[in-house]
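One structure is given below, encoded as structure tokens.
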Amino acid sequence: MILKQEGIPHEIVREPSTVSLRAGRFILYDSRCGAPRALRGKLLPDHVTIDLDQFRRHERVDPFQALIDNRSAPATWSFDGIDLTERVARQPKSWIRRRLIDSLREIVTDAGGVWMRLSSFPYPYRSAFNLRIDLDEPSPDDYRRFARARTPLDDCCTHFVSTHAYGHRASILADLRRLDTQSHGHFHFVYRDPAANRRNIYRADCILREAGIPPIGFSAPHGRWNHGLDDALEEAGYLYSSDFQLGYDDLPFFPWKRNRFSKVLQVPIHPVCEGLFLEAGVHDQFTIAEYFQSVIEHKLNAREPALIYGHPERRLARMPGMLAHLARLIDGESLVWRTTLTDWACWWQWRLDRRWMVLPREENQFEIQFDEWDAEYPLGIEIYRGRFHCSLPVTGPRFTLKLDNLVYERQLDPPDYPQPPRYDKHIPSLRETIRKVIDWETVTPIEELAGSSLPDRLKLGLRWWKLQRSGVEE
């Protein structure tokens, strides 16, 4: 998974043999799976074997299990004395990926190998920027105010629409039709019941298509993800989803589900939005803007995508100064790709489809070969040699390069990757446990609730009791 994220040429060998292993020099295996016995007698003299089990040593958790962990947990970011808490992926997968890749690269280069990778961005970009907007609440006046302030960022905004909130607002849907607009579901909730998720996604899909907006992307309300939701997205043919309770601040990946990888690409974003500041009692839009500036600048310096998100209703619509600050920050950054999440997902899928290999020729000379060459996007290759780095465009399906003839730039000190946020140790109360079991929510109209299972019937009964008792639902 992380080799694909990094763009490293590799091949998965199910049945090792002398012929199948000949394609590569570096052989990765896991001694916990009995691989040494399978490799015995099949290796060539110049093969370098790397036991992945060494990366587990001295670690609190198995990093490979952590990379496919789909659970979530509350985490807290601190900024200028402000604590910002959100429920996100339980494991900091991007932090784990970087540590594993850095260790692997050191082993490969120490053994005389050359570290080459496909660039994470179309050549010559070194980063990407997007502002994701979740439209949750029916507030057309706030949307219009937000749309005026958003204008300088129109080309790099992606909107996820809850159709229960905006499906009947023809003028807003007409405005969104000219921009990158995708689905946030109908009701603003992710259900435990797979059938309820299918109904919710299908309903939003129909409304958006009638408005001339055929969705191929999805973002889950509250960033929540489960297998039933992913199954529904696969059945509906969605290209990607963006759910920070599954992964955040990372390169795109396919989540592991049961015994296979999903067909729906995950596009991680930074999970802290302006709403967390408001919940913490901070209403100064320029303090909020300073936080997002620090996130974006770190991402650009680290050559990573800067993908942030927010909400117009009662928030960004009333913070025009913050949007103007973001626009000024990105304006003039010629090496930052201003992209939509849909274009980002399409690029990433295209990049994943590239099949290539590096063949040694003479000393420090290599031939690069691509299968089924496609020039839809400008592609770049990055080469690392110690403290030096080189990026060059790919101009065709086959070319030769001599490492000593390339122009390298000295890498600055490695980016100061922040430690993962503080994960809160939270023991759920009995009330929280019951709410989770019965999938408690008051978003779905009571007359549309299913009663096919015991938890469904219990939720339906509690909703009716609450409504009759107080006349309102909270």
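This structure is a prediction, so every number in the text was calculated from the model and none was measured.
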Against Tyr291, only a single residue in Phe286, Phe277, Trp77 fulfils ring-ring contact (aromatic ring centres under 6.0 Å, His included); can you say which?
Phe277
So how far is it from Asn226 CG to Asp193 CG, rounded to the nearest 0.5 Å?
9.5 Å
Below 30° counts as parallel, above 60° as perpendicular, anything between as tilted: where do the rings of Phe370 and Trp373 land?
perpendicular
Donor-acceptor pair between Tyr191 and Arg198 side chains, under 3.5 angstrom:
no
State, without any angle test, whether Ser334 and Tyr125 hold a side-chain donor-acceptor pair at a distance under 3.5 Å.
no
Closest heavy-atom contact between Gln5 and Pro252?
CG-O, 3.3 Å
Going by side chain to side chain donor-acceptor pair (under 3.5 Å), Gln182 matches just one of Thr342, Thr158, Thr340. Which one?
Thr342
Which pair of heavy atoms, one from Ser119 and one from Glu382, lies closest together, and at what distance?
OG-OE2, 3.3 Å
Go through the side-chain N and O atoms of Asp53 and Tyr29 and say whether any donor and acceptor fall under 3.5 Å apart.
no
Looking only at side-chain N and O atoms, does Ser120 offer a donor or acceptor that is under 3.5 Å from a partner on Arg117?
yes
Between the side chains of His159 and Asp180, does any donor sit under 3.5 Å from an acceptor?
no
What pairs with His227 under side-chain contact (heavy atoms from CB on, under 4.5 Å), at least two apart in sequence or on another chain?
Asn70, Trp225, Lys257, Arg258
Between Pro9 and Val358, is there a side-chain heavy-atom distance shorter than 4.5 Å?
yes
Would you please test Glu59 and Arg99 for salt bridge (Lys or Arg N to Asp or Glu O under 4.0 Å) and show each step?
CA-CA 11 Å; Glu59 295 290 345; Arg99 291 186 63 193; 3.0 Å; yes
Residues forming a ring-ring contact (aromatic ring centres under 6.0 Å, His included) with Tyr408, sequence neighbours excluded
none
Verify the distance criterion only: is there a donor paired with an acceptor across the side chains of Glu313 and Ser139 at less than 3.5 Å?
no
Look at Glu304 together with Arg98 and state whether they make a salt bridge at an N to O cut-off of under 4.0 Å.
yes
Tell me whether His10 contacts the main-chain N or O of Ile8 through its side chain, where contact means a donor paired with an acceptor under 3.5 Å.
yes
Do the rings of Trp348 and Trp344 sit parallel, tilted or perpendicular, given the 30° and 60° boundaries?
tilted
For Arg431, does the CZ atom have more than 12 heavy-atom neighbours from other residues, nucleotides or ligands under 6.0 Å away?
no
Can you confirm whether Tyr202 is buried at OH, in the sense that more than 12 heavy atoms of other residues, nucleotides or ligands lie under 6.0 Å from that atom?
no
Between Glu372 and Arg355, does any NZ, NE, NH1 or NH2 come within less than 4.0 Å of an OD or OE carboxylate oxygen?
no
Arg178/Asp175 under salt bridge (Lys or Arg N to Asp or Glu O under 4.0 Å): CA gap, chis, key distance, verdict:
CA-CA 6 Å; Arg178 65 185 180 84; Asp175 184 61; 3.0 Å; yes
Enumerate the salt bridge (charged side-chain N to carboxylate O under 4.0 Å, His left out) contacts for residues 266-286, please, sequence neighbours excluded, ordered by first and then second residue.
Glu274-Arg315
Can you tell me which residue pairs pass the salt bridge (charged side-chain N to carboxylate O under 4.0 Å, His left out) test with a partner in residues 76-96, sequence neighbours excluded?
Asp83-Arg422
Does Arg126 make a cation-pi contact with Phe121, if we ask for NZ or CZ under 6.0 Å from the ring centre and within 45° of the axis?
no
When His164, His311, His222 are each screened for ring-ring contact (aromatic ring centres under 6.0 Å, His included) with His188, the one that passes is His222
Scan side-chain atoms only and decide if Asn200 and His186 contain a donor-acceptor pair under the 3.5 Å cut-off.
no
Any chance you could measure Leu135, atom CG, to Phe146, atom CZ, to the nearest 0.5 Å?
7.0 Å
CD1-OH distance between Ile201 and Tyr238, expressed to the nearest 0.5 angstrom
6.5 Å
On a heavy-atom basis, which atom in Leu229 and which in Asn197 lie closest, and how many Å separate them?
N-ND2, 3.6 Å
My understanding is that only residues two or more places apart in sequence, or in another chain, count here; which of them pass side-chain hydrogen bond (donor to acceptor under 3.5 Å, both in side chains) with Gln285?
none
Just to verify, what does Asp374 make a side-chain contact (heavy atoms from CB on, under 4.5 Å) with, not counting sequence neighbours?
Trp350, Arg354, Glu376
Partners of Tyr423 by side-chain hydrogen bond (donor to acceptor under 3.5 Å, both in side chains), sequence neighbours excluded?
Tyr248
Give the C-alpha distance, both sets of side-chain angles, the deciding distance and a yes or no for side chain to side chain donor-acceptor pair (under 3.5 Å) between Gln349 and Asp353.
CA-CA 6 Å; Gln349 183 60 67; Asp353 290 340; 3.3 Å; yes
Within the supplied structure, the quantity of interest is the number of heavy atoms (other residues, nucleotides, ligands) at a distance under 6.0 Å from Glu234 CD; does it exceed 12?
yes
Looking only at heavy atoms, the pair that brings Ser31 and Asp51 closest together is OG-OD2, 2.8 Å
Enumerate the salt bridge (charged side-chain N to carboxylate O under 4.0 Å, His left out) contacts for residues 62-79, please, sequence neighbours excluded, ordered by first and then second residue.
Arg56-Asp62, Asp69-Arg71
Any side-chain donor near an acceptor of the partner, Ser262 and Asp230, under 3.5 Å:
yes
Take Glu137 and Arg169 through the test salt bridge (Lys or Arg N to Asp or Glu O under 4.0 Å) and record every step on the way to the result.
CA-CA 12 Å; Glu137 304 174 32; Arg169 301 284 182 179; over 6 Å; no
Taking only residues two or more places apart in sequence, or in another chain, which ones meet Asp155 in a salt bridge (Lys or Arg N to Asp or Glu O under 4.0 Å)?
Arg338
Are the side chains of Gln369 and Pro397 in touch, meaning some heavy atoms are under 4.5 Å apart?
no
Determine, step by step, whether Ser242 and Arg132 satisfy the side chain to side chain donor-acceptor pair (under 3.5 Å) criterion, reporting the C-alpha distance in whole Å, the side-chain angles of both residues, the deciding distance to 0.1 Å, and the verdict.
CA-CA 10 Å; Ser242 181; Arg132 178 185 123 180; 2.9 Å; yes
Among residues at least two apart in sequence or on other chains, which ones pass side-chain hydrogen bond (donor to acceptor under 3.5 Å, both in side chains) with Lys459?
Glu441
Look at the side chain of Asp243 and the backbone N and O of Gln245, then say whether any donor-acceptor pair between them is shorter than 3.5 Å.
no
If we ignore hydrogens and angles and just use 3.5 Å, is the side chain of Ser94 paired with the main-chain N or O of Asp249 as donor and acceptor?
yes
So Val264 and Phe254, do their side chains get closer than 4.5 Å, heavy atoms only?
no
Those residues at least two apart in sequence (or on a different chain) that pass salt bridge (Lys or Arg N to Asp or Glu O under 4.0 Å) with Asp142 are Arg145, Arg318
Here the pair of heavy atoms bringing Asn130 nearest to Thr339 is ND2-O, 2.9 Å
Excluding sequence neighbours, so at least two apart, what forms salt bridge (Lys or Arg N to Asp or Glu O under 4.0 Å) with Arg209?
Asp205
Where does the angle between the aromatic ring planes of Phe244 and Tyr309 fall among parallel (under 30°), tilted (30 to 60°) and perpendicular (over 60°)?
tilted
